[in-house]
Amino acid sequence: MLFCRFWNFEFVMGSQPHVLVIPFPAQGHVAPLMKLSHQIVDHGIKVTFVSTEFINARLRTTMPMNSPIRLVSLPDGLEPEDDQIDTLKLINSFQGIKPDHFKDLIEKINESADDRIICVIADVIVAWAFDVAEKMGIQSVAFWPAGPAALALILHIPKLIEDGIIDTRGTPIKNDLIWLSKEIPAWKSSEFPWSFPGESWMQNIFFQYVFKMNHSVKLCKWLLCNSFYELDLLALNLIPGIIPVGPLLSGNQLENHIGSFWLEDSTCLSWLDKQPVGSVIYASFGSTSTFNQQQFDELALGLELTGLPFLWVIRSDIANEAISEFLDGIRSRITDNGKIVGWAPQEQVLAHPSTACFISHCGWNSTLEGISMGVPFLCWPYFADQFQNKSYICDFWKVGLGLNPDENGIITRQEINTKIKTLIIDDGIKKNALKLKEMAKKSVTKGGSSFKNFESFIEQIKH
Ligand SMILES: O=c1ccn([C@@H]2O[C@H](COP(=O)(O)OP(=O)(O)O[C@H]3O[C@H](CO)[C@@H](O)[C@H](O)[C@H]3O)[C@@H](O)[C@H]2O)c(=O)[nH]1
């Protein structure tokens, strides 16, 4: 049977407008689309969130029972796993999804005249969703979860191939710096948004996805992104018709469990309450970054060297046996000075008065969340758009400092210690961070640029 999970779906009668939202199956993509979905629901529109079976199962474990978002899954052929999230498996399973299943889902919902889908909102990477919507005569909305500069470069791929800068697999042929505009940070050819250093299989898969985004952007009626004009007007200006509606934040929505794959350990909030104001180093590296043992050791020892309290997120899927043993050793030493959790309520941690700085991999969601809370960054990017986000943070917005790994990706404990100490006493960086925080807040407050964009978008899809 095609729709093995459709029985989970309640077809509620009523004349409420109804949209289907479909993310790419990765945490950094699901979370912002879930936040967007909540905002849409708040405007009286019904939202059905369509994900793979695996992601659907994860979301059901972390979302409250009374969530206004309906979850529906498409078959992905994966067995549910405990706490292990294998990114490659997720991406492969997504390639196995049949667009016909999505089409059948829409047809099934549309059987009820009062429940018809008014539009499909899809991650711009999910190219087939735009084909299906177009064939069915349904208007579509593309959503880009990362920074506008990365999207501008991706939409430039055909020209990069034509100019012989990259080959058709996305591999750089020339080592030039790419300037899409002289006013925004240049791209290094080793740091394109589809770059996964040392993991060419990942790069190949990802490049094929992003290459198809040019097609999606042509088919969609609206192109939304998680940014705001005041943050990055110059990059936004490079993308015709883009509508920034960010920063998308959980805010007060539903105890903040907005689209997490892991359960949040909220004990870190009471721990933060006990720390002095502006004293805590928060270290968190998103949903996919991994460490080797040496990187891990240096970070742990660097944090210890600072003598400052720290809160460190170590996901269960990166704590292998060797790391677990090391962690036990650290835990017994750090006692009250540090706390390690598997997954934190990140927005609340960043907003907490005790938090002084954020050691981050510079994923776009973490970048926007740190900016929205006015927290200075210590940047440790790993792959994809994170390098460019680091350039923005350190050189363009000047709200952080970068770490400099050696050729093996190792950052020494001494560098970590010194940079943290420099960062937390840098008044210029703190001032810039607070200025951006104010701008971010203004943009989503009544009358602000993203607020108006979102309201206008909602009005348009309703009519
Ligand atoms: O303990 C934690 C750690 C993270 N988060 C949340 O998880 C999300 C992580 O997103 P992001 O910071 O963007 O990191 P990734 O999960 O690594 O995101 C992927 O997707 C992003 C958007 O496309 C890209 O910018 C990144 O490079 C890519 O790795 C954020 O909303 C965080 O608030 C938590 O809630 N608790």
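In each ligand, atom 1 is the first atom listed, and ligand 1 is the first ligand listed. This structure is a prediction, so every number in the text was calculated from the model and none was measured.
The backbone N or O of E415 sits nowhere less than 3.5 Å from a side-chain atom of E298 that would complete a donor-acceptor pair. Counting only distance, with no hydrogens or angles, the side chain of Q386 and the backbone of Y382 share a donor-acceptor pair below 3.5 Å. In this structure, S289 contributes its side chain and F285 its backbone to a donor-acceptor pair below 3.5 Å. Side-chain atoms of R169 do not come within 3.5 Å of backbone N or O of Q208 as any donor-acceptor pair.
For ligand 1, the atoms closer than 4.0 angstrom to any heavy atom of T288 are 17 (O), 29 (O). Less than 4.0 angstrom separates some heavy atom of S366 from each of these atoms of ligand 1: 11 (P), 12 (O). When each atom of ligand 1 is checked for a heavy atom of A146 under 4.0 Å away, the hits are 23 (O). Each of the following atoms of ligand 1 lies closer than 4.0 Å to a heavy atom of H29: 20 (O), 23 (O). Every atom of ligand 1 with a heavy atom of N365 under 4.0 Å away is listed here by number and element: 10 (O), 11 (P), 12 (O), 13 (O), 22 (C), 30 (C), 31 (O). Taking every non-hydrogen atom of F383 and a distance limit under 4.0 Å, the qualifying atoms of ligand 1 come out as 29 (O). Near W364, meaning under 4.0 Å from one of its heavy atoms, ligand 1 places the atoms 13 (O), 24 (C), 25 (O). Distances below 4.0 Å separate heavy atoms of D385 from the following atoms of ligand 1: 24 (C), 25 (O), 26 (C), 27 (O).
Using the six-membered ring where Trp is involved, F24 and Y209 have ring planes that are perpendicular, over 60° apart on the 30 and 60° scheme. Ring geometry, F291 versus F296: the interplanar angle exceeds 60°, so the pair is classed perpendicular (tilted spans 30 to 60°).
Judged by the shortest distance from any of its heavy atoms, Q386 lies inside the 4.0 Å radius around the atoms of ligand 1. Residue contacts with ligand 1: A26 is excluded, as none of its non-hydrogen atoms falls under 4.0 Å. Between R315 and ligand 1 there is no heavy-atom distance shorter than 4.0 Å. Within the 4.0 Å heavy-atom shell around ligand 1 one does not find F285.
Taking only non-hydrogen atoms, the option from M34, Q348, Q27 nearest to atom 8 (C) of ligand 1 is Q27. Of the candidates Q388, Q346, E264, the one placing a heavy atom closest to atom 3 (C) of ligand 1 is Q346.
For the pair E369/Q346, a side-chain contact is recorded, criterion being any heavy-atom separation below 4.5 Å from C-beta on.
Nearest protein heavy-atom contact of atom 19 (C) of ligand 1 is G28 CA, 4.0 Å. In this structure, atom 31 (O) of ligand 1 lies nearest to the protein heavy atom E369 OE2, 2.7 Å. Closest to atom 36 (N) of ligand 1 among all protein heavy atoms lies A344 O, 2.7 Å. In this structure, atom 6 (C) of ligand 1 lies nearest to the protein heavy atom W343 CZ2, 3.7 Å.
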Residues 189-196, side-chain donor-acceptor partners within the protein, below 3.5 Å, at least two apart:
{"residue": "S189", "atom": "OG", "partner": "K174", "partner atom": "O", "Å": "3.4"}
{"residue": "S189", "atom": "OG", "partner": "N175", "partner atom": "OD1", "Å": "3.1"}
{"residue": "W194", "atom": "NE1", "partner": "G170", "partner atom": "O", "Å": "2.9"}
{"residue": "S195", "atom": "OG", "partner": "S190", "partner atom": "O", "Å": "3.4"}
{"residue": "S195", "atom": "OG", "partner": "F192", "partner atom": "N", "Å": "2.8"}
{"residue": "S195", "atom": "OG", "partner": "F192", "partner atom": "O", "Å": "3.0"}

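Only side-chain heavy atoms of V313 come within less than 4.0 Å of ligand 1; its backbone N, CA, C and O stay farther off. Here H361 has side-chain heavy atoms under 4.0 Å from ligand 1, and that is the only part of it that gets that close. Residue-level proximity to ligand 1 for S284 is carried by the side chain, the only part with a heavy atom below 4.0 angstrom.
At under 3.5 Å, not a single nitrogen or oxygen of E347, backbone or side chain, sits near a nitrogen or oxygen of ligand 1. For ligand 1, the polar-atom distance check finds an N/O of S287 within less than 3.5 Å of one of the ligand's N/O atoms.
Between K35 and E347, at least one side-chain nitrogen of the basic residue sits less than 4.0 Å from a carboxylate oxygen of the acidic one, meeting the salt-bridge criterion.
Applying the salt bridge (Lys or Arg N to Asp or Glu O under 4.0 Å) test to K430 and every residue at least two apart in sequence or in another chain returns nothing.
The two residues L248 and N226 come nearest to each other via the heavy atoms N-OD1, 2.9 Å.
T288 and Q27 share no donor-acceptor pair across their side chains, judged by distance under 3.5 Å alone.
Ring centroids of H352 and Y282 are separated by 6.0 Å or more, keeping the two rings apart.
Counting heavy atoms of neighbouring residues, nucleotides and ligands inside a 6.0 Å radius, atom CD of E455 exceeds 12 of them.
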